[in-house]
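One structure below.
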2 protein chains.
Amino acid sequence: MFNTQVTGKHPHSVPTIKDVAKAAGCSTATVSRALATPEKVSDTTRERVNQAIAQVGYAPNIAARNLRRAESKTIVALLPDISNPFFSEIISGMEDVAHQAGYQILIGDCEHDPARAEAYFRLLSTNQADGIVLLTSEIPKALIKQADGQADFPLVMACEFFSDIDLPLIAIDNHQASCQAIDYLVSLGHQRIATLTGPAGNPICLERLRGYRDTLSAHGLIDQACVAEGDFGFRSGFQQGLALLDNAQRPTAIFCHSDEMAIGVLKAARQLNITVPGQLSVVGFDNIGLSEYCEPELTTISQPRNEIGQQAMQSLLHLLRGERVIRRQTLSSHLIVRKSTGRVSD
Amino acid sequence: MFNTQVTGKHPHSVPTIKDVAKAAGCSTATVSRALATPEKVSDTTRERVNQAIAQVGYAPNIAARNLRRAESKTIVALLPDISNPFFSEIISGMEDVAHQAGYQILIGDCEHDPARAEAYFRLLSTNQADGIVLLTSEIPKALIKQADGQADFPLVMACEFFSDIDLPLIAIDNHQASCQAIDYLVSLGHQRIATLTGPAGNPICLERLRGYRDTLSAHGLIDQACVAEGDFGFRSGFQQGLALLDNAQRPTAIFCHSDEMAIGVLKAARQLNITVPGQLSVVGFDNIGLSEYCEPELTTISQPRNEIGQQAMQSLLHLLRGERVIRRQTLSSHLIVRKSTGRVSD
DNA sequence: AGGCATTATGTAAACCTTTACATTTCAGGC
DNA sequence: GCCTGAAATGTAAAGGTTTACATAATGCCT
């Protein structure tokens, strides 16, 4: 038995484009063209090249290609916190589009640490990434400020945004979604409606808060407004839930800016022997998988997460091709009524 | 006002090591050494180089470095399904160690699709990744078989494993964890204990199943064994839960191979008006964040996820350095008793 | 058949680092 | 002051691909 895999050099060396060229009896340029721009190569040569590639078992060296082309075919998806299940389907949507176009996705978990975010941004300048989809506003603005206005800075935002920096954005209308939730609660007879927001200053939460206030005002209930602040996580939902509910004048409904917090509130209510939806209605936000399996099933606002991911990646690809990009794409959310909301009891 | 950033070439070109060399008055080799092996450069030169770097704003071109060094400083973490929150903390542990060592992590979501897995494996041969941490056994074995036995094939497994391929593995003792759970249920007086496994044939599930059977046997309860199969997700827990419970001779306890399934079972029990833990005890597996916030709080088995991630990455780094690696690292799990389990009622 | 416009191919430089090898510098011992 | 060995630095090749430019081949028209 002998080794049939001849590369022409050291027996264990990996075949390069040169080996292919030799096997196909043409120059490396032709091989490269046959791969990158097949239409620029005659049918017969293309065929010969393809055979040669198969014969020597060639695979392009990507580092060399990246070096030459000054690109990386890598997109960073910057998340505030990878453990939040809200993001997984967005990522999934991004990957579909990205892979299609020959791009990879590098998931960047900031863990609420500015240094991490900075490190991921640095990948842009070192050619290790071609663009960023930003899914958090919890990063130092200085990272972006410098490039603000530059029309094709390869950065798009999804879901989250900055109030004072205008970047291409793919998101739902948070104000409207919030109005819809509050309207619904009012229609059930609720008057004392509290809201549990995400981190203070977060623009999407401010939008939702605005929707909350506007709708209360519209119904003449603004003096009943009651706002608590959480961090999107279970624990803060539980703690703030206890604070809101352990109180004689407690609200009859709580609108939460995340499902995890809503589930925390449900636990707080149980602990205080407050029945849901009998004595308290709870609305969440995001419609994560879990929201169908908690007790009671959660009324919540659903975002088209997969589509958001797809559109975001699509926009970024446009940007990378130097094309103009829609500054603001608004996708529609909708209220999913389940069992955590009901008519107010008196 | 004039531009102070002079690169010596096109005004917008990014500074290279040549620019640094010129600014520092030395050769590119010296600059390179000052960065890679500072001890091989005299103190004064090193200082001069560092200043030059700061002055011209140099950052190494990673693609060029990767090309020359034939490495990518990238590790792939291959997951069955990114939306499973079980993995996020493992990833987190991996990242801590990886970043420390100058590596990046590329999260590969297989989505139960062999083609995806194959694509990620291909990154190895094209030098786009240096190694893989495999967190799923749901991939074509052919991808690994070829390299089986090769002592420093840059692949380690975490949590999951193959029954017939021996690879470095970092995991808990699933058999023992399962025994512990069942022992505990027996100690509460349960006799009819069912188990809801993950996908059939999954080695870790087989281990857990073996633990289940062994423990039942030890207590003379093996003829009461009752096994249902799920897929780790909420829905399958709910469906199989209904099937197991909607039955005159239903079990008084169910041991589930994931927390999500356990929560699905809780929902099934509610729907059938079976109280937990009054009429039914439920045990989960993994101790995901949610398990403290469902109703009732879930008794479950906790894996040291962060540590598993760290050790896995550590082992992989050893492998990449050509060092010998412990074939099997067993970390300890423990049973967390919460409110979903109780003494059997009669 | 000759000329012209395409089309196909080849040559070689460029992308930016790293590193083997060669050369220079330096310190210290005599 | 000279020699030796070690330390510091420089030179230039190598890594694999892409692509601008040059050249060769082809097809078409008259």
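The sequence lines fix the lettering, A, B, ..., with proteins before strands; numbering per chain opens at 1.
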Between [N] ([atom2]) and [X] ([atom1]): distance, integer Å:
| X | N | atom1 | atom2 | answer |
| --- | --- | --- | --- | --- |
| B/Glu71 | C/dT17 | CD | P | 15 Å |
| B/Lys22 | D/dG10 | NZ | P | 15 Å |
| B/Lys73 | C/dT17 | NZ | P | 17 Å |
| B/Arg69 | D/dG16 | CZ | P | 16 Å |
| B/Leu35 | C/dT18 | CG | P | 7 Å |
| B/Lys18 | D/dG10 | NZ | C1' | 15 Å |
| A/Ile62 | D/dG16 | CD1 | P | 13 Å |
| A/Asn66 | D/dT18 | CG | C1' | 12 Å |

Inset, instruction - Would you tell me if any nitrogen or oxygen in the side chain of B/Thr30 comes within less than 4.0 Å of OP1 or OP2 on D/dG10? - result: yes
Inset, instruction - Please indicate whether A/Lys73 has more than 12 foreign heavy atoms, meaning atoms of other residues, nucleotides or ligands, lying under 6.0 Å from its NZ. - result: yes
Donor-acceptor pairs are to be reported for all side-chain atoms of residues 91-103 of chain A against protein atoms at under 3.5 Å, with residues two or more places apart or in another chain.
unit_1, atom_1, unit_2, atom_2, d
A/Ser92, OG, B/Glu111, OE2, 2.9
A/Glu95, OE1, B/Arg116, NH1, 3.3
A/Asp96, OD1, B/Arg116, NH2, 3.3

Detail all sub-3.5 Å separations between protein N/O atoms and N/O atoms belonging to nucleotides 24-26 of chain D.
none

Please tell me which of the listed nucleotides, [options], lies nearest to the side chain of [X]?
| X | options | value |
| --- | --- | --- |
| A/Ser27 | C/dT11, C/dC16, D/dT17 | C/dT11 |
| B/Cys26 | D/dG10, C/dG10, D/dT18 | D/dG10 |
| A/Asn61 | D/dT17, C/dT17, D/dA20 | D/dT17 |

Inset, instruction - Looking at every strand, decide which applies to B/Ser32 at a 4.0 Å heavy-atom threshold: base, sugar-phosphate, or nothing. - result: base
By salt bridge (charged side-chain N to carboxylate O under 4.0 Å, His left out), which residues pair with [X], not counting sequence neighbours?
| X | result |
| --- | --- |
| A/Glu323 | A/Arg321 |
| B/Lys40 | none |
| A/Glu71 | A/Arg69 |

Inset, instruction - Salt-bridge test for B/Asp166 and B/Arg327: reply yes if a basic N is under 4.0 Å from a carboxylate O, no otherwise. - result: yes
Inset, instruction - With a 4.0 Å heavy-atom cut-off, tell me which residues in residues 36-50 of chain B come close to DNA chain C, sorted by residue number. - result: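 Within this stretch, nothing sits under 4.0 Å of the strand.
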Listing, residues 28-35 of chain A side-chain donor-acceptor contacts under 3.5 Å, not counting sequence neighbours, or none:
unit_1, atom_1, unit_2, atom_2, d
A/Thr30, OG1, A/Ser27, OG, 3.3

Inset, instruction - Give, for atom OH of B/Tyr120 and atom SG of B/Cys110, the distance between the pair rounded to the nearest 0.5 Å. - result: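 Rounded to the nearest 0.5 Å, the OH-SG separation comes to 7.5 Å.
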Legend entry - Distance in Å, A/Ile326 CD1 paired with A/His318 NE2, rounded so as to fall on 0.5 Å steps: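 Reported to 0.5 Å precision, the distance equals 7.5 Å.
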Inset, instruction - Over all heavy atoms of both residues, which pair between A/Tyr58 and A/Asn61 is shortest? Give the atoms and the distance, please. - result: OH-N, 4.4 Å
Please list, for nucleotides 12-14 of chain C, all pairs of protein and nucleotide N/O atoms separated by less than 3.5 Å.
unit_1, atom_1, unit_2, atom_2, d
C/dA14, N3, A/Arg68, NH1, 2.7

Inset, instruction - Determine whether A/Met313 and A/Ile75 make a side-chain contact, defined as any pair of heavy atoms from C-beta on separated by less than 4.5 Å. - result: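 Yes, their side chains come closer than 4.5 Å.
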Legend entry - Close side-chain approach of A/Asp19 and A/Ile17, heavy atoms under 4.5 Å: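 A/Asp19 does not reach A/Ile17 side chain to side chain.
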Legend entry - Of B/Gly25 and B/Leu67, the one whose closest DNA chain D nucleotide lies more 5':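 That would be B/Gly25.
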Inset, instruction - Between B/Tyr58 and A/Arg33, just flag the one whose closest nucleotide in DNA chain C comes earlier from the 5' side. - result: A/Arg33
Once side-chain contact (heavy atoms from CB on, under 4.5 Å) is applied, do any residues pair with [X], and if so which ones, sequence neighbours excluded?
| X | result |
| --- | --- |
| B/Pro304 | B/Ile172, B/Glu307, B/Ile308, B/Leu331 |
| B/Pro140 | B/Pro114, B/Ala117, B/Leu143 |
| B/Gln104 | A/Leu106, A/Leu123, A/Gln128, B/Thr74 |

Inset, instruction - Five pairs at each end of the helix from C/dA1-D/dT30 to C/dC30-D/dG1: take the axis at both ends and give me the angle between them to 10°. - result: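 The value is 40°.
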